[in-house]
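Structure first, commentary second.
Heavy-atom basis, side chains included; hydrogens, waters and symmetry copies ignored. Chain identifiers are assigned alphabetically (A, B, ...) following the order of the sequence lines, protein sequences preceding nucleic acid strands; residue numbering begins at 1 within each chain.
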Protein chains: 2
Amino acid sequence: MATLPAKPDMKDRILETADRLFYLQGIRAIGVDTIAAEIGISKRTLYNHFPSKDALITAYLARRFVAPRTSDKSPVEQILGTFDSLERRFSAKDFRGCPFVNAVAELGEDRSVRKVAVAFKESRRLWFRDLLVQLGVADADALATQLALLVDGSIAQDLVRNDPAMARAAKEAATVLLRNAGVKVGGNIATNKRATKKRHSRPAS
Amino acid sequence: MATLPAKPDMKDRILETADRLFYLQGIRAIGVDTIAAEIGISKRTLYNHFPSKDALITAYLARRFVAPRTSDKSPVEQILGTFDSLERRFSAKDFRGCPFVNAVAELGEDRSVRKVAVAFKESRRLWFRDLLVQLGVADADALATQLALLVDGSIAQDLVRNDPAMARAAKEAATVLLRNAGVKVGGNIATNKRATKKRHSRPAS
DNA sequence: AAATAGGTACACAGACCTGTGTAACTAGGC
DNA sequence: GCCTAGTTACACAGGTCTGTGTACCTATTT
């Protein structure tokens, strides 16, 4: 039906721009005019691709929903590596907290927003849980929740303090929790600058 | 100078109402008309007490800034009790996350908002730190930061999930961190339903 | 060349927002 | 009784917001 449009990326461009502005400045703070002006298109074009601002918000959150992916590294490396990448993201000047938490804080009781936010948080918690199960942790569920708390805690703290060290604090706490659960964690945790990088395929689960 | 006004609480009433609406529905979501209408006063009266909405927002955050107070309970009870009161607040239906984090998320780069938010977070962290020093914890500073992460993490998680159990998960993690730092924590942590309530005045610091 | 899909320019409706101006009212203090 | 401070009702300025309507333009496809 639809012939390929001349510029196949107009919808993407709109969404990408909306994403950036919504995330950096807040959803309520950005009007559709601002988004259109930023791209240099007319507001009419924007509304030809998205029926309403609400639809754009929904698409924005859907775009941000990137479920954590399991790599071939060891479970411990993956878990602790989460906090390393958090620290990297905190250091970027365009980091402004968790888009889902922010959206819930901003839009309050909006059902659909809350729903996707919960789904996102749960996806990460389950990712942690699976890794913990692989490590043979007894109460993987509870520990996964606690790790998730550390992630969101460091994000919230960095949002207000602008201090990437929050990620390292979370990593140290996570290390203690893992060790307490009987998980063997490589010696020098700290900044993880060049640790022993042995890649054992997978421990007995 | 000012003779006592007939209704000495008008300014308070405005502030209290603004607080409730700002917190529950978001600062940007609430207009001054809405606040005035809620109290049943004219918008003019509101502006006679606060020169601008910005001033009202500032007063709102100042009002929310309640520094944690040290009680006569044992340091461990005070630290872990923090998570018990969090759980109670999570269970209240009018809980909507941390007002400071929410304000930063909503108002973005606003300097003064960020400033008061940082001050609030730091006041709690220092409260933790002092208690940990009393307990003779070596790196009280680092552990205080980690406890703060658990607090904010549970708040963020409860904001999206609406699950007061996040507070208990944080409490359990905090218990592990405390024990790991050499602090003796009473046996049955869990829900803390009637633990041994020995009140020792103060441990060797 | 004609048709079609998509974009542009621009005005506009209707709502809401912050903040002000003004005249009238109401109560307590002198 | 009168003054004063606080309040009220109400209009309004000037801005922003979402969303629509309309007429024109510009490529690509057929």
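- More than 12 heavy atoms of other residues, nucleotides or ligands sit less than 6.0 Å from atom CZ of A:Arg63.
- Side-chain N/O atoms of A:Arg44 and base N/O atoms of C:dG7 include no donor-acceptor pair closer than 3.5 Å.
- Remark: B:Arg124 engages B:Asp152 in a salt bridge, criterion side-chain N to carboxylate O under 4.0 Å.
- Nucleotide C:dT8 holds its C1' atom 10 Å from the CE atom of A:Met10, rounded to whole Å.
- D:dT18 atom P lies 15 Å from atom CZ of A:Phe50, rounded to whole Å.
- Electrostatic pairing of B:Glu87 and B:Lys171 does not count as a salt bridge here, judged by no charged N lying under 4.0 Å from a carboxylate O.
- In this structure, the CG atom of B:Asn48 is 12 Å from the P atom of C:dG21, given to the nearest Å.
- One interatomic measurement links the two molecules: NZ of A:Lys11 to P of C:dA5, which rounds to 17 Å at whole-angstrom precision.
- OP1 or OP2 of D:dT7 has at least one side-chain nitrogen or oxygen of B:His49 nearer than 4.0 Å.
- Checked against C:dT8, D:dT8, C:dG19, the side chain of A:Ser42 finds its nearest nucleotide in C:dT8.
- Atoms CG (B:Asp12) and C1' (D:dG6) sit 16 Å apart, rounded to a whole Å.
- Computed from coordinates, the B:Ile57 CD1 to C:dC17 P distance equals 13 Å when rounded to whole Å.
- The distance from atom OH of B:Tyr47 to atom C1' of D:dA5 is 22 Å, rounded to the nearest whole Å.
- Judged by distance alone with a 3.5 Å cut-off, a donor-acceptor contact links the side chain of A:Lys43 to the base of D:dG19.
- Judged by distance alone, with hydrogens and angles left aside, the side-chain atoms of A:Gln146 form no donor-acceptor pair with the main-chain N or O of A:Leu177 at under 3.5 Å.
- What separates CG of A:Leu21 from C1' of D:dC17 is a distance of 16 Å, to the nearest Å.
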